[in-house]
Amino acid sequence: MSVSSKAPPPAWSRPPARISSQPACSQLSELATLPHYVLRVDRQCRLLVARRTTTPFERVIEIRECFREIEFRLADIPRKNYQLLVDAREGPGRNDRAFELVIEEERGKLLFGFARNAALAATAAGRLQIQRFAKQDGREVLATDDPAQAFAYLGLRSHLL
C-alpha cells in the first residue's frame with residue numbers, strides 16, 4: 001500500500017457543504033449601514049453579507065474608524081457558526097501600498113472567525129487581491145464574480161443581495 005503525497009484539492013474545488021435548488025432567500029435584514037459598508041444578516045441561515053459601497057476611503061483614519069465600527073456591529077454574531085459573503089463588486093478599486101498596509105492591520109475585524117468565507121469582486125484584479133489577502137492571512141476564501149458560485153461554496157441557497 002502506498003501513501004499519496006498529493007495535496008488536498010483547493011477549497012474552491014471541493015463540493016459545498018450543502019446545495020439547495022430553492023428560490024433565492026429574502027431573509028437578509030439590515031444590521032448596519034455605514035459609509036463604506038452595508039452589513040446584513042440572515043440569522044436563520046447563519047449568513048452575514050458585507051456589501052462594499054461606492055464611497056472611497058480618502059484617509060487612513062477612515063479605514064480604521066470603519067473597521068472599528070464593523071467590529072462593534074458584529075460583536076453579537078457567533079462567527080464560527082456563520083458564513084461570510086463580502087460583496088466588493090461596487091467598491092472602488094485601490095491597491096496602493098499605504099492602503100494595503102492599513103487594510104492588512106484592520107481587515108480581521110470583519111473577516112476573521114467565520115466558518116466559511118466567499119467574496120464577490122467585479123474584476124479579475126479584485127479577485128486576485130482577495131486571494132492574495134487570504135493567502136497572507138492563512139484563510140480559505142472563494143473569490144468569484146458569480147453570486148451563485150459563492151452561495152454554493154458557502155453551502156447556502158442564494159439570497160437576494
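Position 1 is the first residue of the sequence; numbering continues from there.
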ask   = Can you name the closest pair of heavy atoms from Ala148 and Ser158 and give their distance?
value = CA-OG, 4.3 Å

ask   = Quick check: does any side chain N or O of Thr55 sit under 3.5 Å from a backbone N or O of Pro35, one acting as donor and the other as acceptor?
value = yes

inquiry  = Do Pro56 and Glu58 have side chains that approach each other closer than 4.5 Å (heavy atoms only, starting at C-beta)?
reply    = yes

task = Return the set of residues passing side-chain hydrogen bond (donor to acceptor under 3.5 Å, both in side chains) with Lys109 (not counting sequence neighbours), or none when no residue passes.
result = Glu106

ask   = Which ILVMFWY residues are connected to Leu160, directly or by a chain of links, through side-chain heavy atoms under 4.5 Å apart?
value = none

task = Under 4.5 Å between side-chain heavy atoms, chaining through other members, with only Ile, Leu, Val, Met, Phe, Trp and Tyr counted: pull out the rest of the cluster around Val41, sorted by chain and number.
result = Leu31, Leu34, Tyr37, Leu39, Leu48, Phe57, Val60, Ile63, Phe67, Ile70, Leu74, Ile77, Tyr82, Leu84, Val86, Phe99, Val102, Ile103, Leu110, Leu111, Phe112, Phe114, Phe133

Residues that Ala143 engages under side chain to side chain contact (heavy atoms under 4.5 Å, CB included), provided they are two or more places apart = Arg127, Ile130, Gln131

task = Taking side-chain hydrogen bond (donor to acceptor under 3.5 Å, both in side chains) as the test, write out the residues that go with Glu100, two or more places apart.
result = Gln129, Arg132

task = Determine the minimum heavy-atom distance between Leu120 and Ala150, stating which atoms define it.
result = CD2-CB, 4.0 Å

request  = Apply salt bridge (Lys or Arg N to Asp or Glu O under 4.0 Å) to Asp146 and list each qualifying residue two or more places apart in sequence or on a separate chain.
outcome  = none

Cationic N near anionic O, under 4.0 Å, Arg116 to Glu140 = no

note = Rounded to the nearest 0.5 Å, the CG atom of Asp137 sits from the NZ atom of Lys135 at a distance of 12.5 Å

From CG (Leu85) to CG (Asn117), nearest 0.5 Å = 9.5 Å

remark   = Quick note, salt bridge (charged side-chain N to carboxylate O under 4.0 Å, His left out) partners involving residues 24-52, not counting sequence neighbours, are Arg43-Asp76

key: For Glu90, all residues meeting salt bridge (Lys or Arg N to Asp or Glu O under 4.0 Å), sequence neighbours excluded   = none

note = Between Leu161 and Pro147, the two heavy atoms sitting closest are CD1-CB, 4.3 Å

inquiry  = Run the side-chain hydrogen bond (donor to acceptor under 3.5 Å, both in side chains) test against Gln27 and tell me which residues pass, sequence neighbours left out.
reply    = none

task = Could you list all the salt bridge (charged side-chain N to carboxylate O under 4.0 Å, His left out) pairs where at least one residue sits in residues 66-75, not counting sequence neighbours?
result = Glu69-Arg73

query = Is there any salt bridge (charged side-chain N to carboxylate O under 4.0 Å, His left out) pair reaching into residues 77-89, and which pairs are they, with sequence neighbours excluded?
reply = Asp87-Arg89

inquiry  = Please give me the minimum heavy-atom distance between Cys45 and Leu156, naming the atom from each residue.
reply    = O-CD2, 3.6 Å

